[in-house]
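Scope of the values below: all heavy atoms of this structure, side chains included, with no hydrogens, waters or symmetry mates. Quick note: residue numbers are just sequence positions, from 1.
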Amino acid sequence: AIVLIAAAKELLHEKDGYSALALSKSLTKSGYGGGRLDRVLTSEMRQGTVKAVGSKRSRAYVLSDEGFARGFVLAEKLAGEWH
């Protein structure tokens with residue numbers, strides 16, 4: 001989820017966050033989905049790397065600077081596994 005939020009910020013220019021609905025669909029398509037986002041991201045939100053903005057149907061997820069850096073580190077690890 002962190003990698004997808006970082007990619008949305010960088011590639012899709014989603015500066016106000018990545019919508020919960022879009023993130024859920026992206027996770028499902030990637031094969032990593034399957035749970036409620038608030039539960040999946042609980043530990044990241046407690047650490048302060050991910051922040052939920054809005055409520056209910058208008059919720060979006062935003063990364064802190066630390067979360068953005070972590071997203072890129074995780075993306076590099078995932079890319080390394082494909083080679």
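Under a hydrophobic-cluster definition in which Ile, Leu, Val, Met, Phe, Trp and Tyr are linked whenever side-chain heavy atoms come within less than 4.5 Å, directly or via other members, Leu37 and Tyr32 are assigned to the same cluster. Linking Ile, Leu, Val, Met, Phe, Trp and Tyr residues whenever their side-chain heavy atoms come within less than 4.5 Å places Ile5 and Phe72 in a single cluster. Leu23 and Val53 are not part of a single hydrophobic cluster, where members link through side-chain heavy atoms under 4.5 Å apart. Leu63 and Leu27 fall within the same hydrophobic cluster, defined by Ile, Leu, Val, Met, Phe, Trp and Tyr side-chain heavy atoms under 4.5 Å apart, directly or through other members. By the criterion of side-chain heavy atoms lying less than 4.5 angstrom apart, applied directly or through intervening Ile, Leu, Val, Met, Phe, Trp or Tyr residues, Val73 is not grouped with Leu11; the two fall into different hydrophobic clusters.
Glu44 has its side chain out of reach of Lys51: every pair of non-hydrogen atoms, C-beta onward, lies at least 4.5 Å apart. At a threshold of 4.5 Å between non-hydrogen side-chain atoms, the residues Ile2 and Val50 count as touching.
Tyr61 and Ser19 are not linked by any side-chain donor-acceptor pair at a separation below 3.5 angstrom, with hydrogens and angles left out of the test.
Scanning both residues, Val3 and Ala75, for their nearest heavy atoms gives CG2-N, 3.8 Å. Of all non-hydrogen atoms in Gly48 and Ser64, the two that sit nearest each other are O-OG, 3.1 Å. Taking both residues in full, the closest heavy atoms of Tyr18 and Ser26 are given as OH-OG, 2.8 Å, listed atom of the first, atom of the second, then distance. Of all the heavy atoms in Ala1 and Leu41, the pair that sits closest is CB-CD2, 3.6 Å. Heavy atoms only, all atoms of each residue included: Gln47 and Arg70 are closest at OE1-NH1, 3.3 Å. What you find for Ala52 and Met45 is that their closest heavy atoms are CB-SD, 4.1 Å.
Counted within 6.0 Å of NZ on Lys29, heavy atoms from surrounding residues, nucleotides or ligands total 12 or fewer; the atom is thus considered open. Remark: Asp16 CG is loosely packed, at most 12 non-hydrogen atoms of other residues, nucleotides or ligands lying under 6.0 Å away.
Summarising the geometry, atom CD belonging to Glu81 is positioned 12.5 Å from atom CD belonging to Glu76; distances are rounded to the nearest 0.5 Å.
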Requested in this report: Report the C-alpha distance between Glu66 and Thr49 in whole Å, list the side-chain angles of each, state the deciding distance to 0.1 Å, and finish with yes or no for side-chain hydrogen bond (donor to acceptor under 3.5 Å, both in side chains).
Outcome: CA-CA 6 Å; Glu66 179 186 330; Thr49 55; 5.9 Å; no
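Side-chain atoms of Thr28 come within 3.5 Å of backbone atoms of Ser24 as a donor-acceptor pair (strictly under, hydrogens ignored).
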